[in-house]
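Only one structure is covered here, and it is reproduced in the block below.
Throughout, a chain's letter reflects where its sequence line sits, starting with A, and its residues are numbered from 1.
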2 protein chains.
Amino acid sequence: MSGYDIKSLFKGLSWLIDSPSYGSLYPTLHSLLDDGLATVNVEPNNSKPPRKLYEITEAGRRELRTWLQELSSTQFSIKAFVRHLILADSLSNDELKTRLTHRRTQIVDYLSTPTPLEESDGNPPQELGQRLVHDYSTAIAEAELRWLDAKLSALTQTAGEGQDHGLYSSS
Amino acid sequence: MSGYDIKSLFKGLSWLIDSPSYGSLYPTLHSLLDDGLATVNVEPNNSKPPRKLYEITEAGRRELRTWLQELSSTQFSIKAFVRHLILADSLSNDELKTRLTHRRTQIVDYLSTPTPLEESDGNPPQELGQRLVHDYSTAIAEAELRWLDAKLSALTQTAGEGQDHGLYSSS
DNA sequence: CAGAGCATGTAACACGTTACATGATTAG
DNA sequence: CTAATCATGTAACGTGTTACATGCTCTG
């Protein structure tokens, strides 16, 4: 993909996670080249600035794998999970299944932790906000749980299909 | 609340949105005092550092309102919406309803935009990640829509109840 | 008796955004 | 004809994190 393509992808997801600015995106791409983690293929684009199509190298893929491993073992955020999904192409069927299962565990844990419930006394000084957010957070978590279950069952039924991980077969 | 309390609140929400570090939280609280947007009430805490309980001033509440207005009219992100919910105490019944309705509109718009569907040709070079994320994003958006509808109907049924906005009456 | 939680705060550093620079093409 | 989209890039600036400093208390 080109820097522009990457930016577009994130822009479409910006309601869920932050989208990087070109000011950080382009320099990052340049440093990937310097480190040999990616290669470019410059494609002329009639009098417009040429499209620079980046591709990950083997070394890059190795780095990516360890980075994703780190991510999933230390971060629970939606941001981290979405990053994982975006990069699902780099994972094998089994790896993806492992990650989704791990995520499922985290969500279940989150949903089962009994709300801290702060403020002893007669409790409501002013905490409508807290309750609303907690409520919202729970609703989102439950939705994610259902989504994970659906994907996991699709992934398990068609065990070793390779290509599309059995997720989007027969439209 | 104290700086510590605020941090705890965000920590509990860190799976949804970023939690600020103390390194930015405390200085921010200090600058609110300088600007007269908040006041402190220092509460001794037997030999532990005293708890500094901050409270918003009238001027602060005015600033907050315009800030929230700005937020909701320019940002569509979950981050912005969660901020709004946390601060729901500062909004009147009608204001809250307006914001939720506005959010609902945004979600509906998002769900109705026909997926860009990039890559003309025979389309699938490698875009499992894109599809997965889109799928996930849609599932979350639909869950939020249902949540909004539930809250909005609760809010409308008990029109002008004041106190708890009619949201959490008779448990 | 060690580690987690309570509780506040500062300074160096890294990071990312904003604003700028450039310019053709296509859609309304 | 104007605005949006395509397409890349740099430098100054602002903001936020990381690491450090301090010290009591409760839990396992």
Side-chain angles (χ1 to χ4, degrees), chain A residues 1-14 17-35 38-55 67 70-71 74-77 79-80 83 109 113-120, chain B residues 1-14 17-35 38-55 67 70-71 74-77 79-80 83 109 113-120:
Chain A
M1 297 173 86
S2 68
Y4 191 84
D5 292 336
I6 295 173
K7 174 68 176 165
S8 302
L9 173 61
F10 276 99
K11 211 184 280 173
L13 257 25
S14 64
I17 61 170
D18 286 331
S19 174
S21 63
Y22 285 120
S24 70
L25 184 50
Y26 285 124
T28 299
L29 251 16
H30 298 332
S31 75
L32 286 179
L33 290 179
D34 290 344
D35 298 346
T39 54
V40 218
N41 199 349
V42 184
E43 196 178 66
N45 196 6
N46 39 235
S47 74
K48 267 181 290 197
R51 280 169 60 75
K52 299 192 171 179
L53 299 173
Y54 291 83
E55 203 157 344
W67 183 73
E70 272 281 307
L71 248 199
T74 62
Q75 307 267 70
F76 169 48
S77 63
K79 183 161 91 184
R83 263 120 122 107
D109 284 353
T113 47
T115 323
L117 216 325
E118 47 205 280
E119 309 302 322
S120 45
Chain B
M1 295 172 87
S2 67
Y4 191 85
D5 292 336
I6 295 173
K7 174 67 176 164
S8 302
L9 173 61
F10 276 99
K11 210 183 283 174
L13 257 25
S14 64
I17 60 171
D18 286 332
S19 175
S21 64
Y22 285 120
S24 70
L25 184 49
Y26 285 124
T28 299
L29 250 14
H30 298 332
S31 75
L32 287 179
L33 289 180
D34 290 344
D35 298 345
T39 54
V40 217
N41 198 348
V42 184
E43 196 179 66
N45 196 5
N46 39 235
S47 73
K48 267 180 287 194
R51 279 169 61 75
K52 297 193 172 180
L53 299 173
Y54 290 84
E55 203 156 343
W67 183 72
E70 273 281 309
L71 248 198
T74 61
Q75 308 266 70
F76 168 49
S77 64
K79 183 160 92 183
R83 263 119 121 107
D109 284 355
T113 47
T115 322
L117 217 322
E118 47 205 280
E119 310 300 324
S120 46

message = It should be established whether Ser24(A) places a side-chain nitrogen or oxygen under 4.0 Å from OP1 or OP2 of nucleotide dT17(C).
response = yes

ask   = How close or far is atom P of dG9(D) from atom CG of Asn45(A), stated in whole angstroms?
value = 13 Å

key: Distance in Å, Thr39(A) OG1 paired with Leu53(A) CG, rounded so as to fall on 0.5 Å steps   = 10.0 Å

remark   = Value for CZ (Phe10(B)) from CG (Leu25(B)), rounded to nearest 0.5 Å, stands at 8.0 Å

ask   = Checking all strands, does Thr28(A) fall into the base, sugar-phosphate, or nothing category for heavy-atom contacts under 4.0 angstrom?
value = nothing

ask   = Hey, what do you get for NZ (Lys79(A)) to OG (Ser14(B)), rounding to the nearest 0.5 Å?
value = 10.5 Å

message = From CG of Leu9(A) over to P of dC6(D), roughly how many Å is that when rounded to an integer?
response = 14 Å

ask   = Taking all non-hydrogen atoms of both residues, which atom of Ser24(A) and which atom of Thr28(A) are closest, and how far apart?
value = O-OG1, 2.6 Å

task = Return the minimal non-hydrogen interatomic distance between Pro50(A) and Asn45(A), and the atom names on each side.
result = CA-CB, 4.0 Å

key: Closest to the Tyr4(B) side chain, choosing from dT10(C), dG9(D), dC6(C)   = dC6(C)

inquiry  = For a quick test of reading the model, state the closest non-hydrogen atom pair linking Tyr26(B) to Tyr4(B) and the distance between them.
reply    = OH-N, 4.0 Å

inquiry  = Please encode protein proximity along nucleotides 23-28 of chain C as a string of B, S and -, counting only heavy-atom distances under 4.0 Å.
reply    = BSS---

ask   = What's the NZ-P distance between Lys7(A) and dA4(D), to the nearest Å?
value = 17 Å

ask   = Atom CG of Leu25(B) and atom P of dG16(D): how far apart are they, to the nearest Å?
value = 11 Å

task = Please work out if Ser19(A) contacts a base, only the sugar-phosphate, or nothing of the nucleic acid, heavy-atom cut-off 4.0 Å.
result = sugar-phosphate

task = Select from Pro27(B) and Lys11(B) the residue whose nearest nucleotide in DNA chain C is closer to the 5' end of that strand.
result = Lys11(B)

ask   = Starting at CE of Met1(B) and ending at P of dA7(C), how long is that distance when rounded to a whole Å?
value = 12 Å

inquiry  = Whole angstroms only, please: what is the OH-P distance between Tyr22(A) and dG16(C)?
reply    = 17 Å

ask   = Hey, does Arg51(B) have a side-chain heavy atom less than 4.5 Å from the side chain of Ser2(B)?
value = yes

task = Can you measure from CG (Asp18(B)) to CD1 (Ile17(A)) and round to the nearest 0.5 angstrom?
result = 11.0 Å

ask   = In which stems does DNA chain D show up, taking only runs of three or more Watson-Crick or G-U wobble pairs whose two distances fall under 3.5 Å?
value = C:1-28 with D:1-28

inquiry  = Just the rounded figure in Å: distance from P of dA7(C) to CG of Leu53(B).
reply    = 10 Å

query = When you check the side-chain N and O atoms of Asp5(A) and Ser8(A), is any donor under 3.5 Å from an acceptor?
reply = no

query = Counting distance only, does the side-chain N/O of Lys7(A) pair as donor-acceptor with the main-chain N or O of Pro20(A) below 3.5 Å?
reply = yes

query = Asp5(B) CG to dC6(C) C1': how many Å, rounded?
reply = 10 Å

task = Can you figure out which of dG16(D), dT10(C), dG9(D) approaches the side chain of Lys52(A) most closely?
result = dG9(D)

key: Below 4.0 Å: OP1/OP2 of dG16(D) and any side-chain N or O of Ser21(B)   = no

